[in-house]
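Inspection log for the structure reproduced underneath, given as structure tokens.
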Amino acid sequence: MRLFMLPPTTAVVALFLWSLLVHLTTETPAGVPKGHGEPLGNHRDSDGHVDILTTLPSPQEFWDKYVSKRRPVLFSGAARSSPGMQLWTDEYMLEKFGDLKVRIEGKHQKEGKYPEGEKGIAQDTLRNVLQTYRTRDVYVVSQIPDPLTEQVAVLPFLTCGTFKDHILESNLWLGGHGTQSQIHKDADNAINCLFSGTKTWIMISQDYEHLLPDVVSSGGYSARATIDPDYVDLIKYPKFSEVPYTHVDMKPGDCLFIPASHWHQVNSHGSKNLAVSIMMSRLKEVDLLECDGVDLDFKPLSEMNMVFTYDGYSEQTMGDMDPFELREQIMKICSGVKELSYSAVYHEFFHKEDEDNEVIDNAIDTKMAKDKSSKQQDLHKMKQIFAILDTDGDNFLSCDEEVLPKLSIATLKRLANIISYDPSNSEEYEFSRMGTEVIRILIEHVINKLSNDKAPKMTKEQFLLRYRAVGGSRPVGSQLYDMMDPSQQGYITREMVLNKMEDVISLYDDGLHPHHTQNMPWQADIEIPGSLINEVGTKQQWKAQKIRDDL
């Protein structure tokens, strides 16, 4: 073999030029902040990895060093005591848990997608997820179904005292490579245990929340920052350069404590990423006397008295308000007063800052079902609250007789579900998200198509093509079609649609959750009829009024 050799002087010059080129291409241009346009974490060096413990603390140590100080910590290998870590292969979960229903999102939280599942938008079966998650944009973010809880071990320091009594819910996280969250904070304390794959976390103390840009409340104490974790724009958000952070490198078997209101951003890696989290109350104080002298051990989650559970088939309560905090809040507003009016409840739980009491109290007698404003939604929720607590029907709540005696955990859970209801927790989400106006315009379009003598009939596939084009799912679209074709003739006519039109439209909830009709994603994997594209505008964004204008 013949080697090409440079003369010594030429080689030195070449080496110098190469080093200069590397320096110029890696140096940050003058005036451009470090990390601008790069992924989160490049804006400055990390302050280090969060604490790593190889032995578990006592309940008192956990409180003193971490929970009370809102300080994250990694428990290395703690999840290995959960039977699910060894048992939960795809094959095992398919056989044992395939029929269970789970809530799903897209892999990238910033896109705000809710994919289509076997049960509709945002609702799927574990079977379908397990068969498709490696190739589909889908991520299970769901309350854990009860049958799985037998195979999840609760860490010993959570099995006694106040910690034991304030476990709120447990959540399941399952997806393929590349799932990513936004920067966000959660209302409750959490311990996230990783069974498969790896996770990298950026952790930001709540002390620096004032430096985070475009913070959007998710309700209660939860919130997110809309800055793009893949492209941090430090020209637009220069103060973000000042935000310090710690990081976490998480491997299978690790458990991470995330304090309530501690900001974080997560990237998941590996062909399968599977985790379980346990949520706990935001505790101000604890009583751990019963823990003293007790030989604590891991305990199955199924044996804990968890506040919110999910049977795997009905509606979830994921993210509902902490009933213990709700009790404190109600007792506070009842302090020093004999009764509560609609306005008092409205200002406390929904809008503290607006409208005088007379406007609110008079609003209860108005017909609100057709009013789409968020305030009218909240007034509707108040009517539900009063229906539970106002036993004498006088539109006032007697604190001593009607409110305080009823503050059982069961009643508080009902109230929490009304106040913080998330429609994506149920199969009704699709109806709520689309709303009556959108479905009415779609049905009118179908009627117009069927009024044409050249096409007096429409097959199920032709109808589903149109329904999915406006953001609906195949399962729900099939349900609507079957309503219009009860005799299963295999087609629908104008008369058949007209006959069932109002029944179909009545399924769609227009008044309670109109914010879910915004940014409805187009189904990119189907071919949309050109005439319908003209009616609904572009594939990227459209509004119901545009549809109506084009009809």
Side-chain angles (χ1 to χ4, degrees), residues 50-53 56-75 78-79 141 143-144 149 152-173 181 183-194 199 201-207 209 218-224 246 248 250 254-266 275-288 291 296 298-299 301 304-309 317-329 409 412-413 416 420:
V50 304
D51 289 353
I52 302 175
L53 299 183
L56 296 177
S58 69
Q60 193 65 53
E61 289 172 331
F62 180 53
W63 170 255
D64 290 341
K65 295 182 179 180
Y66 299 104
V67 182
S68 65
K69 291 181 169 56
R70 295 188 177 183
R71 181 180 177 184
V73 59
L74 184 75
F75 305 112
V141 181
Q143 259 182 292
I144 189 169
T149 60
V152 176
V154 178
L155 303 187
F157 53 77
L158 298 181
T159 62
C160 64
T162 302
F163 293 135
K164 166 180 64 72
D165 298 328
H166 285 76
I167 294 179
L168 299 175
E169 68 179 51
S170 180
N171 299 324
L172 180 69
W173 311 79
S181 77
I183 304 174
H184 65 286
K185 66 174 182 177
D186 298 314
D188 307 309
N189 292 304
I191 292 182
N192 185 292
C193 293
L194 186 61
K199 290 182 185 289
W201 302 65
I202 298 289
M203 311 292 289
I204 300 171
S205 169
Q206 60 272 18
D207 295 340
E209 181 173 320
S218 304
Y221 295 104
S222 301
R224 57 188 173 86
T246 56
V248 181
M250 206 174 178
D254 291 343
C255 293
L256 175 66
F257 169 61
I258 309 109
S261 295
H262 200 96
W263 291 84
H264 53 282
Q265 189 272 328
V266 196
V276 173
S277 60
I278 293 177
M279 313 300 291
M280 302 175 295
S281 295
R282 302 168 59 94
L283 299 170
K284 299 175 184 176
E285 58 185 11
V286 292
D287 180 356
L288 302 174
C291 305
L296 300 174
F298 292 91
K299 192 172 183 179
L301 182 58
M304 304 299 292
N305 187 26
M306 195 157 52
V307 174
F308 295 107
T309 58
T317 53
M318 184 178 181
D320 276 9
M321 185 178 185
D322 182 342
F324 301 106
E325 284 203 356
L326 178 57
R327 174 189 283 154
E328 291 181 6
Q329 198 170 353
I409 289 297
L412 288 164
K413 286 166 62 175
S420 50

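Not measured: the values here are computed from a predicted model.
- Residue Leu256 is tested with Ile191, Val50, Val73 for a side-chain contact (heavy atoms from CB on, under 4.5 Å); the sole match is Val50.
- Cys193 places none of its side-chain heavy atoms less than 4.5 Å from the side chain of Val152.
- The closest donor-acceptor contact from the side chain of Glu169 to the backbone of Met279 lies at 3.5 Å or more, if one exists at all.
- Listed by chain and residue number, Gln109, His184, Gln265, Val266 satisfy the side-chain contact (heavy atoms from CB on, under 4.5 Å) test with Ser181 (two or more places apart in sequence, or in another chain).
- The two residues Trp63 and Ser68 come nearest to each other via the heavy atoms O-OG, 2.7 Å.
- In this structure, the side chains of Trp173 and Val141 come closer than 4.5 Å at one or more pairs of heavy atoms.
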- Verify side-chain contact (heavy atoms from CB on, under 4.5 Å) between Leu172 and Val276, making sure each step is shown before the conclusion. CA-CA 5 Å; Leu172 180 69; Val276 173; 4.1 Å; yes
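- In this structure the side chain of Phe62 never reaches within 4.5 angstrom of the side chain of Leu155, judged on heavy atoms.
- Atom CG of Leu326 and atom CG of Leu412 lie 5.0 Å apart (nearest 0.5 Å).
- Contact record, Ile258 with Met203: CG2-CE, 4.2 Å, taken as the closest heavy-atom pair.
- The structure places CE of Met280 at 9.0 Å from CG of Leu168, a figure rounded to the nearest 0.5 Å.
- Heavy atoms only, all atoms of each residue included: Pro72 and Pro259 are closest at N-CG, 3.7 Å.
- In this structure, Leu56 and Pro156 approach most closely via the heavy-atom pair CD1-CD, 3.6 Å.
- Not a single donor-acceptor pair under 3.5 Å links the side chain of Ser222 to the backbone N or O of Asp186.
- Contacts of Lys185 classified as salt bridge (charged side-chain N to carboxylate O under 4.0 Å, His left out), with partners at least two apart in sequence or in another chain: Glu209.
- Not one N or O on the side chain of Thr149 forms a donor-acceptor pair closer than 3.5 Å with the backbone of Leu301.
- Applying the side-chain contact (heavy atoms from CB on, under 4.5 Å) criterion to Ser420, with sequence neighbours excluded, gives Asp320, Met321.
- For Phe257 and Tyr66, the ring centers sit 6.0 Å or farther from each other.
- Residue pairs satisfying the salt bridge (charged side-chain N to carboxylate O under 4.0 Å, His left out) criterion with at least one member in residues 65-75, sequence neighbours excluded, are listed as follows: Asp51-Arg71.
- When all heavy atoms of Ser277 and Ser170 are compared, the pair lying nearest together is O-OG, 2.9 Å.
- Contact annotation: the side chain of Ile409 approaches that of Phe324 to within less than 4.5 Å [non-hydrogen atoms, C-beta and beyond].
- At a threshold of 4.5 Å between non-hydrogen side-chain atoms, the residues Tyr221 and Glu325 count as touching.
- Counting heavy atoms from C-beta outward, Arg282 and Asp322 have side chains that stay 4.5 Å or more apart.
- Remark: side-chain polar atoms of Asn189 are paired, donor with acceptor, to backbone N or O of Ser281 under 3.5 angstrom.
- For Thr309, the side-chain contact (heavy atoms from CB on, under 4.5 Å) partners are Asp146, Met306, not counting sequence neighbours.
- Between Asn171 and Gln143 the shortest heavy-atom distance is OD1-CA, 3.6 Å.
- Scanning for salt bridge (charged side-chain N to carboxylate O under 4.0 Å, His left out) contacts around Lys164 gives Glu290, with sequence neighbours left out.
- Of the inter-residue distances, the one linking Leu158 atom CG with Phe298 atom CZ reads 10.0 Å to the nearest 0.5 angstrom.
- Side-chain atoms of Pro323 and Val307, non-hydrogen and from C-beta on, do get closer than 4.5 Å to each other.
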